[in-house]
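One structure is given below, encoded as structure tokens.
Here is the naming used below: chain letters follow the sequence lines, and residue numbers restart at 1 for every chain.
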Amino acid sequence: MAYWLMKSEPSAYSWAQLVKDKRTSWSGVRNYQANNNMKAMQLGDEAFFYHSNEDRAIVGIMKIVKLWRPDPTDETGKFGMVDVAPVKTLTKPVTLAEIKADKRLANMQLLRQSRLSVSVVAEEEWKKLID
DNA sequence: GCCAACGTTGGC
DNA sequence: GCCAACGTTGGC
């Protein structure tokens, strides 16, 4: 079982919207590394939902409910998407500032590659973030 | 609104 | 294959 972090600007697609939708196809990724991370996802893997820009915080936990397949919105046919469903809303969001303040989280791909929209979360990092 | 970091494009 | 120019992301 692997863990991931997926970013969205709340003005584009928010956690509240996902909760309302029950599930969604994570389309629109146009970056090879993010795409490769989605290709590596397995059914049942869990992922943080991170609000970029306005919020800058992890706000919920999702699970992968459908494997990678081509993204119909990508005319080049290079990029794909997975389907996700909400698992849990965090009672207290974990802010970027809090993540940055924790030395043990300094190696998170989120911090090292700030522009990557789909990143890997190590198991130790995941556990630290949810307790 | 600014700008650093990074990815992509295209000329050579 | 290199690299300058340009576009985008996302934190501040």
Report the residues that fulfil side-chain contact (heavy atoms from CB on, under 4.5 Å) with A/D55, sequence neighbours left out, ordered by chain and then residue number. A/H51, A/V59

Looking at DNA chain B, which of residues 28-35 of chain A put a heavy atom within less than 4.0 Å of it? A/N31, A/Y32

So, using side chain to side chain donor-acceptor pair (under 3.5 Å) as the criterion, who are the partners of A/T91 when residues are at least two apart? none

For residues 101-113 of chain A, which residue pairs qualify under salt bridge (Lys or Arg N to Asp or Glu O under 4.0 Å), counting only residues two or more places apart or in two chains? A/D102-A/R104

Please identify each residue that fulfils side chain to side chain donor-acceptor pair (under 3.5 Å) with A/Q113, with sequence neighbours left out. A/Q33, A/Q109

Going 5' to 3' through nucleotides 4-12 of chain C, assign each nucleotide B (protein heavy atom under 4.0 Å from a base atom), S (under 4.0 Å only from sugar-phosphate atoms) or - (no protein heavy atom that close). ---BBBBBS

Return the set of residues passing side-chain contact (heavy atoms from CB on, under 4.5 Å) with A/A16 (not counting sequence neighbours), or none when no residue passes. A/S14

Residues pairing under salt bridge (Lys or Arg N to Asp or Glu O under 4.0 Å) where one sits in residues 3-25 of chain A, two or more places apart or in two chains, turn out to be A/R23-A/D83

Would you tell me whether A/R30 and A/S117 have side-chain atoms, one donor and one acceptor, within less than 3.5 Å of each other? no

What residues, two or more places apart in sequence or in another chain, satisfy side chain to side chain donor-acceptor pair (under 3.5 Å) together with A/Y3? none

Give me the residues of residues 69-77 of chain A where at least one heavy atom lies under 4.0 Å from an atom of DNA chain B, by number, or none. none

Sort and list the pairs that fulfil salt bridge (Lys or Arg N to Asp or Glu O under 4.0 Å) and have at least one residue in residues 85-99 of chain A, not counting sequence neighbours. A/K92-A/E98

side-chain contact (heavy atoms from CB on, under 4.5 Å) partners of A/V87, counting only residues at least two apart: A/E46, A/I61, A/K63

